Amino acid sequence: MAAYDSNNIFAKILRGEIPCNKIYEDDFAIAFHDITPKAPVHVLVIPKGSYVSIADFSREATAAEIAGLYKAVAKVVEQLGIEEGGFRTIANTGLNGGQEVPHFHLHILAGRVLGPMVMPKV
Ligand code: 5GP
């Protein structure tokens, strides 16, 4: 696994160096709208700690950080009002997983029927 790159876009967002459309923040996580949404609702939830991927996070983060991230997901889902209609959560990882930004993030997609789990490339 590559070392964490502190110049990745989400690290810059966390440091306030570039803007984002933030909808949630607590001690452990922030959530903001994806810049190129793939569904009517497309939000990214990211831990404040420096973790490359879900594998890195799950292995290295403290129990408080892990709980904090998932509690943040629950808050965001509630805030967005998407639980009843349903939503999809994705964590792309590495080259085969199509991960573009090497700071662990969960995509939350909602607002329409999303279709097959692995979407065809357009
Ligand atoms: P990945 O492919 O790494 O799982 O997803 C990265 C996501 O970050 C993509 O959906 C992409 O649209 C989004 N993204 C990339 N750069 C920015 C940015 O500067 N701001 C925001 N809000 N989203 C970004």
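This chain uses plain numbering: 1 for the first residue, then up along the sequence. Everything quoted here is computed from the prediction, not taken from an experiment. Read the numbers this way: they start at 1 and go in the same order the structure lists the ligands and their atoms.
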Ring centre gap for [X] and [Y] strictly below 6.0 Å:
| X | Y | answer |
| --- | --- | --- |
| F104 | Y51 | no |
| F28 | Y70 | no |
| H105 | H103 | no |

Heavy-atom distances under 4.0 Å are what count here, so tell me which part of [X] touches ligand 1: side chain, backbone, both or neither.
| X | value |
| --- | --- |
| F10 | side chain |
| I35 | both |
| N21 | neither |
| H105 | side chain |

Numbering the atoms of ligand 1 from 1, which are under 4.0 Å from a heavy atom of [X]?
| X | value |
| --- | --- |
| H107 | 1 (P), 4 (O), 5 (O), 7 (C), 10 (O) |
| K38 | 9 (C), 10 (O), 12 (O) |
| N92 | 1 (P), 2 (O), 4 (O) |
| L44 | 8 (O) |

Practice prompt. Considering only NZ, NE, NH1 and NH2 on the basic side and carboxylate oxygens on the acidic side, decide whether K48 and E65 come within less than 4.0 Å.
Written response: no

Worksheet, complete the sentence: atom 11 (C) of ligand 1 sits nearest the protein heavy atom D34 OD1, 3.4 Å

Worksheet item: Where is the nearest protein heavy atom to atom 19 (O) of ligand 1: which residue, which atom, and how far?
Response: I9 CG2, 3.3 Å

Fill in: H33 and H42 side chains, donor-acceptor separation under 3.5 Å
no

Item to complete: Going by the side-chain contact (heavy atoms from CB on, under 4.5 Å) test, name the single residue among I13, L44, I23 that passes it with I30.
Response: I13

Discussion item. Is there a polar contact between ligand 1 and T36, counting only N or O atoms under 3.5 Å apart?
Written reply: yes

Item to complete: Name the option, out of G98, S53, G94, that contains the heavy atom nearest to atom 2 (O) of ligand 1.
Response: G98

